[in-house]
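This report concerns only the one structure given below.
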Amino acid sequence: MRHIAIVGSGPAGYYTAEAAQKLWGADVEIDIFDMLPVPYGLIRFGVAPDHQSIKGVTRRYEQTALADNVRFIGNVKVGSDVSVAELRDLYDAVVLATGAPRDRPLGLPGDHLGNVHGSAAFVGWYNGHPEFAALDPDLSGKTAVVIGMGNVALDVARILAKSREEFAGSDIVAHALDRLAESRIGRIVILGRRGPHQIMMTPKELGELGHLQRAVAHVDPADLPDEGDDALLEPGLRKSVALLRGFANNAKATRRDVPINVDFDFFASPRGLIGEGRVKAIAVERTRVEAGRAIGTGQFYEIPADLVISCIGYQTSPIAGVPFDERAGRFANDEGRILPGLYCVGWARRGPSGTIGTNRPDGFGVVEMIAADQGAPAEKPGGKGFDALAASRKLDVVTFADWKRIEEAEETRARDDAPREKFVAVDEMIRASGHGD
Ligand SMILES: Cc1cc2nc3c(=O)[nH]c(=O)nc-3n(C[C@H](O)[C@H](O)[C@H](O)COP(=O)(O)OP(=O)(O)OC[C@H]3O[C@@H](n4cnc5c(N)ncnc54)[C@H](O)[C@@H]3O)c2cc1C
């Protein structure tokens, strides 16, 4: 029997398990660890609550999870409850699929000021991640500045702009829904160092900004490149730029007639956050783009800002004993190989890029690599060895059956128009799982 430990139950973790099942069939036993009592990583805590159809991918992961030779070992943090060295002793291969949960720091003067948040924290807040549920962002000011030109920036801007009714059918958590319903924000600035041709925003997400009940998106026509140049873009980006051109047609006169204006500010590099105790404004330098890079022009201005959310990327959390590439913000690895028997996959391998589906070839690739590196499995104790360790440490392991009870409880307590009301604290999740009854 081959024993595989996968650390992280997000897309990369489950695709790796699926690939191992396909390759080794009944000759493999797979344990999927997660530090939280609930599975699926960013599908639950990252993907926007109003994008329920995307979250449907978990049905595929559930098929993998329910197989006899796959276990979910929730509520166990690798690196503190159990070490990577211990897992390497117990399993033939250990695959780190821990994602990239930390915000890349802004690294600007004033980035410590109050009401300046990274997107991991802000998105975690509205999606009910236990670590960020208490974030309590102040939405009583007039202007929010969202830094970044990717889909996460669009998610954040859209969530800030939506009315309570527009969240019908979503699983946004109650504390965020209530806070957003009282929001006084009337202007959302999306700030990007480069121009419309350099955005990382996809047409679906950008298109949604054009269909909001109480918000209108604006682009300064002067920021748009010559229309003829759009022909050189790949088709997805061309569609996104066409949408921006549409926003440039939203007449200035409509600004006063709508509760919320969403302004794209291109060629604008944030240089510092201004305020005493809490943020009041953001200092920006105008840029021009040369060979794809933003170059400062020396022209500065300030944007009043009562709330700042930076959406500029993520980093993996280091784990004791695992070589880490500080510059890249992920485990030091060669195509997924870290040390003999130790691998990484998904965002923990390649950083925060690509879609959910990008993690599938990654998962299949790492399993092929394990097969190529290892001959017949060694006689390792596998899951039985872990169970003994967990019992000796009195770890409160949450199984997949426990998770299904948590899920059922979340569905039962959902408000009328929502698929679930998530528990946002680990102890609530544990109680709902039936532990401690
Ligand atoms: C805000 C946001 C919105 C997104 N929206 C979309 C979208 O609409 N469509 C799309 O295709 N993609 C979207 N993505 C990208 C998608 O979520 C990622 O591609 C995918 O989740 C990465 O998978 P992963 O398994 O590598 O990491 P993750 O999904 O982050 O999973 C990592 C897992 O590891 C666990 N873990 C971490 N450390 C430990 C530890 N030490 N011990 C045990 N467990 C640990 C975590 O709890 C987590 O469950 C979005 C991403 C973000 C941030």
Side-chain angles (χ1 to χ4, degrees), residues 5-17 31-58 61 72-84 87 94-104 118-127 129-132 146 148 150-159 200-202 204-205 208 309 311-322 330-331 336 344-360 362-363 366 395 397-398 403 426:
I6 297 170
V7 184
S9 68
Y14 272 107
Y15 288 128
T16 303
D31 283 350
I32 303 181
F33 292 81
D34 207 288
M35 61 185 188
L36 292 172
V38 294
Y40 307 141
L42 285 173
I43 305 298
R44 177 178 167 108
F45 294 117
V47 171
D50 55 347
H51 285 170
Q52 285 300 310
S53 61
I54 294 174
K55 291 178 192 266
V57 70
T58 58
Y61 307 152
F72 174 67
I73 302 191
N75 201 32
V76 174
K77 184 166 183 175
V78 173
S80 48
D81 291 324
V82 56
S83 72
V84 167
L87 291 184
V94 177
V95 182
L96 303 178
T98 50
R102 293 184 302 151
D103 280 302
R104 200 158 73 77
S119 57
F122 189 74
V123 170
W125 168 73
Y126 65 62
N127 272 326
H129 191 296
E131 197 181 331
F132 303 112
V146 179
N151 282 339
V152 175
L154 286 179
D155 279 355
V156 167
R158 187 181 69 255
I159 296 293
M200 312 279 282
M201 297 165 164
T202 49
K204 175 182 173 290
E205 279 74 12
E208 283 174 272
I309 315 280
C311 309
I312 59 164
Y314 301 95
Q315 298 175 332
T316 295
S317 295
I319 299 181
V322 182
R330 53 181 143 79
F331 298 121
C344 59
V345 72
W347 276 19
R349 177 181 84 78
R350 58 175 208 278
S353 64
T355 62
I356 294 163
T358 316
N359 300 296
R360 190 167 188 271
D362 238 28
V366 80
L395 299 181
V397 171
V398 170
W403 148 244
V426 167

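No hydrogens, no waters, no symmetry mates; every other heavy atom, side chains included, goes into these values. It should be emphasised that the depicted structure is a prediction, and the values quoted were computed from it without experimental measurement. We count ligands from 1, going down the list as the structure has it; atoms in each ligand are counted the same way.
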To which protein heavy atom is [atom] closest, and what is the distance rounded to 0.1 Å?
atom	answer
atom 27 (O) of ligand 1	G99 CA, 3.4 Å
atom 1 (C) of ligand 1	G46 O, 3.4 Å
atom 37 (C) of ligand 1	T98 O, 3.4 Å
atom 51 (C) of ligand 1	W347 CH2, 3.7 Å
atom 8 (O) of ligand 1	I54 CD1, 3.4 Å
atom 31 (O) of ligand 1	G10 CA, 3.5 Å
atom 30 (O) of ligand 1	L42 CG, 3.4 Å
atom 52 (C) of ligand 1	V152 CG2, 4.1 Å

(Q) Side chain or backbone, does V7 bring an N or O within less than 3.5 Å of an N or O on ligand 1? (A)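 Min N/O separation from ligand 1 is not below 3.5 Å for V7.
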Q: Compute the shortest N/O to N/O distance between R350 and ligand 1 and return yes if it is under 3.5 Å, no if not.
A: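 By distance alone, the answer is no.
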In this structure, does ligand 1 have an atom that sits under 4.0 Å from one of the heavy atoms of [X]?
X	result
V76	yes
P101	no
P11	yes

Does the [X] side chain pair with the main chain of [Y], one donor and one acceptor, at a distance under 3.5 Å?
X	Y	value
D103	S119	yes
R104	I312	yes
N75	P37	no
N151	T202	yes

Which ligand 1 atoms are under 4.0 Å away from a heavy-atom of [X]?
X	answer
V78	40 (C), 41 (N), 42 (N), 43 (C)
D155	3 (C)
G8	33 (C), 34 (O), 35 (C)
K77	41 (N), 42 (N)
G41	29 (O), 31 (O), 48 (C), 49 (O)
A97	32 (C), 33 (C), 34 (O)
Y314	53 (C)
G346	26 (O)

Between [X] and [Y], how do the two ring planes meet: parallel, tilted or perpendicular, split at 30° and 60°?
X	Y	answer
Y14	Y61	parallel
F122	Y126	perpendicular
W403	Y40	perpendicular

Q: Quick one: list whatever passes side chain to side chain donor-acceptor pair (under 3.5 Å) with K77, sequence neighbours left out.
A: none
Q.
R44: which residues meet the side chain to side chain donor-acceptor pair (under 3.5 Å) condition with it, sequence neighbours left out?
A.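 In terms of side chain to side chain donor-acceptor pair (under 3.5 Å), with neighbours along the sequence ignored, R44 is linked to E410.
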Q) Given side chains that start at C-beta, do those of F45 and P130 come closer than 4.5 Å, heavy atoms only? A) yes
**Q.** Criterion side-chain contact (heavy atoms from CB on, under 4.5 Å) on V47 and I356, from CA distance to verdict
**A.** CA-CA 10 Å; V47 171; I356 294 163; 4.2 Å; yes
Q | Test item: protein heavy atom less than 4.0 Å from atom 15 (C) of ligand 1 | A | yes
Q) Does atom 41 (N) of ligand 1 have a protein non-hydrogen atom under 4.0 Å from it? A) yes
Q.
Tell me the contacting part of V123 for ligand 1: side chain, backbone, both, or neither, using a 4.0 Å heavy-atom threshold, strictly below.
A.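 It is the side chain that gets close, since no backbone atom is under 4.0 Å.
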Q. Does ligand 1 have a heavy atom under 4.0 Å from the side chain of T355, from its backbone, from both, or from neither?
A. both
Q: Could you give me the CA-CA distance, side-chain angles and deciding distance for V426 and L36, then say whether side-chain contact (heavy atoms from CB on, under 4.5 Å) is met?
A: CA-CA 7 Å; V426 167; L36 292 172; 4.2 Å; yes
Q: Mind running side-chain contact (heavy atoms from CB on, under 4.5 Å) on W347 and T316 for me, showing each step along the way?
A: CA-CA 8 Å; W347 276 19; T316 295; 5.6 Å; no
Q. If hydrogens are left out, which of E205, M35, E131, H51 has an atom nearest to atom 44 (N) of ligand 1, that is, the closest non-hydrogen atom?
A. M35
Q: Give the single entry among D34, L36, I356, V82 that approaches atom 47 (O) of ligand 1 most closely by any heavy atom.
A: D34
(Q) Go through it in stages, so that I can follow the logic: the residues are S353 and T358, the test is side-chain contact (heavy atoms from CB on, under 4.5 Å), and I'd like the CA-CA distance, side-chain angles, deciding distance and then a yes or no. (A) CA-CA 8 Å; S353 64; T358 316; 5.9 Å; no
(Q) Can you see whether N359 engages R350 through a side-chain donor-acceptor pair at a distance of less than 3.5 angstrom? (A)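 The answer is yes; a qualifying pair exists.
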Q: Among L96, V397, V76, find the one that has a side chain to side chain contact (heavy atoms under 4.5 Å, CB included) with F33.
A: V76
